[in-house]
Structures are given as structure tokens and as C-alpha cells.
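See structure below.
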Amino acid sequence: VQRRAQALSFIEQIPERFSIPLVYVTHQIDEVVRLASQLVLIANGKVEAQGPAADLMARLDLPPFTGRFEAGSLIEARITAQDDAFMLTTVELEPGLEMQVPRLDYGMGEMVRLRVRARDVSLASSVPRGLSLRNVLPATVEEVQLEPDTAFAEVRLSVGNQALRARITRAAAHELKLRPGRKVRALVKATALDRRLLARR
């Protein structure tokens with residue numbers, strides 16, 4: 001695992017250092033979200049989908065190819081503040097829309113890409129109080145998909161101009177009356193954004 005991580009860090013630098021495109025073939029979704037800006041999903045010799053990695057990761061019709069357990073979103077953000085006392089970094093998705101993540105040792109103003117797993121996103125119908133969660137984001141429901149023969153539902157949200165996925169129970173989707181256009185709050189634990197899941201862009 002350690003050598004794989006070292007190899008990925010070198011591969012990640014190739015396009016920028018040498019100004020050349022890189023074609024990378026993998027079955028590991030964590031490598032995809034770390035390295036890819038464009039993604040081509042292939043199954044049984046057939047292209048199932050292609051396009052910007054963030055767009056494909058947000059789609060609800062691709063779990064057979066992207067994996068349900070690892071499903072999630074890619075969020076682009078800019079570093080705006082460092083909290084040395086609590087080892088947190090504040091990133092801005094767009095003006096007025098911020099998140100806190102575990103400390104990132106990048107410079108102010110640098111762009112980062114955050115990987116947010118759908119299973120690490122909770123939803124609320126109003127602003128919650130008295131929580132340990134650091135990130136409560138205003139969101140709009142774009143799509144709700146009930147998984148057949150399971151207790152789960154997948155929800156695609158827009159947070160500003162970016163897409164975010166949540167994996168919740170069907171019961172929660174029913175109780176929150178989730179439907180396209182519904183305004184909710186997306187709750188994301190800062191600790192869920194582990195450093196290994198943060199890729200420099």
C-alpha cells in the first residue's frame with residue numbers, strides 16, 4: 001500500500017510537469033477520483049459513459065460501474081484559511097459557501113478537489129443545532145432514486161454550482177419528502193474527508 005501511494009504521487013505530477021496528457025487504466029475508484037479529470041467507464045468491452053470525472057461520479061445511474069459503497073462526489077474548492085489551533089483548513093466552493101476539512105499543507109488560494117462519499121452525507125430539512133458536524137451546506141434536491149429491494153435511496157443534490165450525492169434510507173427520503181426542487185441542508189463530517197481522499201489540482 002505504501003509503495004502504491006508513492007507511485008500515485010509521481011503519476012499525479014506527470015501532466016503538470018511535462019505538459020502531456022496521461023491515460024491511466026484502473027479498477028480502483030480511489031485512484032480514479034485522485035487522478036482523473038476525464039473518465040471513460042468500460043464494461044464488457046463497451047463504453048458505458050464518458051465525460052468529466054465529477055459529472056460521472058455524481059450520476060445515480062452508474063453505481064454498477066462506479067460501485068455503491070464507494071460512490072460519492074468530487075468537489076472543487078479553493079483554500080481560504082488555515083486554523084493552526086485546531087488543524088483545520090477552510091475551503092471555499094464559491095463566494096459565501098465554505099467547508100472545513102482536516103489540515104491541508106497547501107498554500108492559500110490553491111485549488112483542491114475533495115472526495116465526499118455518499119454514505120458520509122446526511123440530510124436535514126432545516127439548519128440543525130448543537131452538532132459536532134463542521135459542514136452544513138445549503139442544497140437543492142435534483143434527483144432521488146430508490147434502490148430496488150434494499151432499504152436505501154440515492155440522492156443527487158446541487159450545492160452552489162456543484163453536485164453532491166447522499167446515500168440515505170428510503171424511510172428518511174420519505175419522511176423528509178425529498179423530491180426535485182426541495183431545499184435541504186447537506187451535513188458532511190470534516191473527519192470523513194480524510195487526507196488520503198484529498199487530491200491537489
Side-chain angles (χ1 to χ4, degrees), residues 1-26 28-40 50-59 66 70-122 132-140 156-166 185-201:
V1 172
Q2 185 177 6
R3 294 195 178 196
R4 175 171 166 259
Q6 290 174 339
L8 284 175
S9 70
F10 288 122
I11 292 169
E12 192 174 27
Q13 297 174 41
I14 290 174
E16 183 177 345
R17 288 186 62 186
F18 299 102
S19 298
I20 60 172
L22 179 71
V23 177
Y24 188 83
V25 181
T26 182
Q28 303 297 321
I29 201 68
D30 61 325
E31 294 178 3
V32 169
V33 298
R34 176 170 176 174
L35 298 173
S37 57
Q38 296 289 318
L39 180 61
V40 179
Q50 60 184 326
D55 292 351
L56 266 59
M57 294 300 296
R59 283 176 51 177
T66 57
E70 291 297 318
S73 310
L74 301 178
I75 301 291
E76 301 280 345
R78 185 182 306 277
I79 294 176
T80 57
Q82 299 282 14
D83 186 334
D84 294 330
F86 293 106
M87 298 298 292
L88 292 171
T89 296
T90 299
V91 297
E92 184 182 67
L93 285 68
E94 59 184 56
L97 190 58
E98 296 180 333
M99 293 179 67
Q100 285 188 319
V101 302
R103 176 66 184 250
L104 293 172
D105 294 322
Y106 300 151
M108 296 291 290
E110 287 204 74
M111 294 295 294
V112 294
R113 182 164 66 172
L114 311 179
R115 181 186 179 195
V116 186
R117 289 188 177 94
R119 59 187 166 92
D120 292 326
V121 178
S122 299
S132 63
L133 287 163
R134 303 303 304 167
N135 301 304
V136 180
L137 305 170
T140 303
R156 182 169 57 87
L157 309 150
S158 59
V159 176
N161 60 3
Q162 302 197 55
L164 183 68
R165 286 176 63 169
R185 291 295 189 274
L187 285 59
V188 183
K189 291 176 66 174
T191 54
L193 300 166
D194 188 84
R195 289 179 187 175
R196 292 182 298 109
L197 307 181
L198 298 168
R200 190 173 183 176
R201 293 284 287 167

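Across Leu133 and Val188, no two heavy atoms sit closer than the pair CD2-C, 3.8 Å. In plain terms, the two heavy atoms of Pro138 and Val159 that are nearest each other are O-CG1, 3.9 Å. Among all heavy-atom pairs drawn from Ala139 and Ala186, the shortest one is CB-CB, 4.3 Å.
Residues meeting the side-chain contact (heavy atoms from CB on, under 4.5 Å) test with Gln100, sequence neighbours left out: Leu88, Thr90, Arg134, Asn135. Listed by chain and residue number, nothing satisfies the side chain to side chain donor-acceptor pair (under 3.5 Å) test with Glu94 (two or more places apart in sequence, or in another chain). With sequence neighbours left out, the side chain to side chain donor-acceptor pair (under 3.5 Å) criterion links Ser9 to no other residue. Under the side-chain contact (heavy atoms from CB on, under 4.5 Å) criterion, Pro15 pairs with Leu22, sequence neighbours left out. Applying the side chain to side chain donor-acceptor pair (under 3.5 Å) criterion to Thr80, with sequence neighbours excluded, gives no partner residue. Contacts of Thr89 classified as side-chain contact (heavy atoms from CB on, under 4.5 Å), with partners at least two apart in sequence or in another chain: Ile79, Gln82, Val91, Val101, Arg103, Leu104. With sequence neighbours excluded, no residue satisfies salt bridge (charged side-chain N to carboxylate O under 4.0 Å, His left out) with Arg3. Residues satisfying the side-chain contact (heavy atoms from CB on, under 4.5 Å) criterion with Ala58, sequence neighbours excluded, are Arg156, Ala163. Partners of Arg4 according to the side chain to side chain donor-acceptor pair (under 3.5 Å) rule, which considers only residues two or more places apart in sequence or in another chain, are Asp30, Glu31.
Put simply, CG on Leu137 and CG on Leu157 are 10.0 Å apart, with the number rounded to the nearest 0.5 Å. One finds the CG atom of Leu8 at 10.0 Å from the CD atom of Gln28 (value rounded to the nearest 0.5 Å). Residue Ser73 holds its OG atom at 12.0 Å from CZ of Arg117, rounded to the nearest 0.5 Å. Note that the CG atom of Leu56 and the CD atom of Gln38 stand 9.0 Å from one another [nearest 0.5 Å]. Atom-to-atom distance recorded for Arg78:CZ and Tyr106:OH is 15.0 Å, nearest 0.5 angstrom. Note: Arg113 CZ to Ile75 CD1 = 11.0 Å, rounded to the nearest 0.5 Å.
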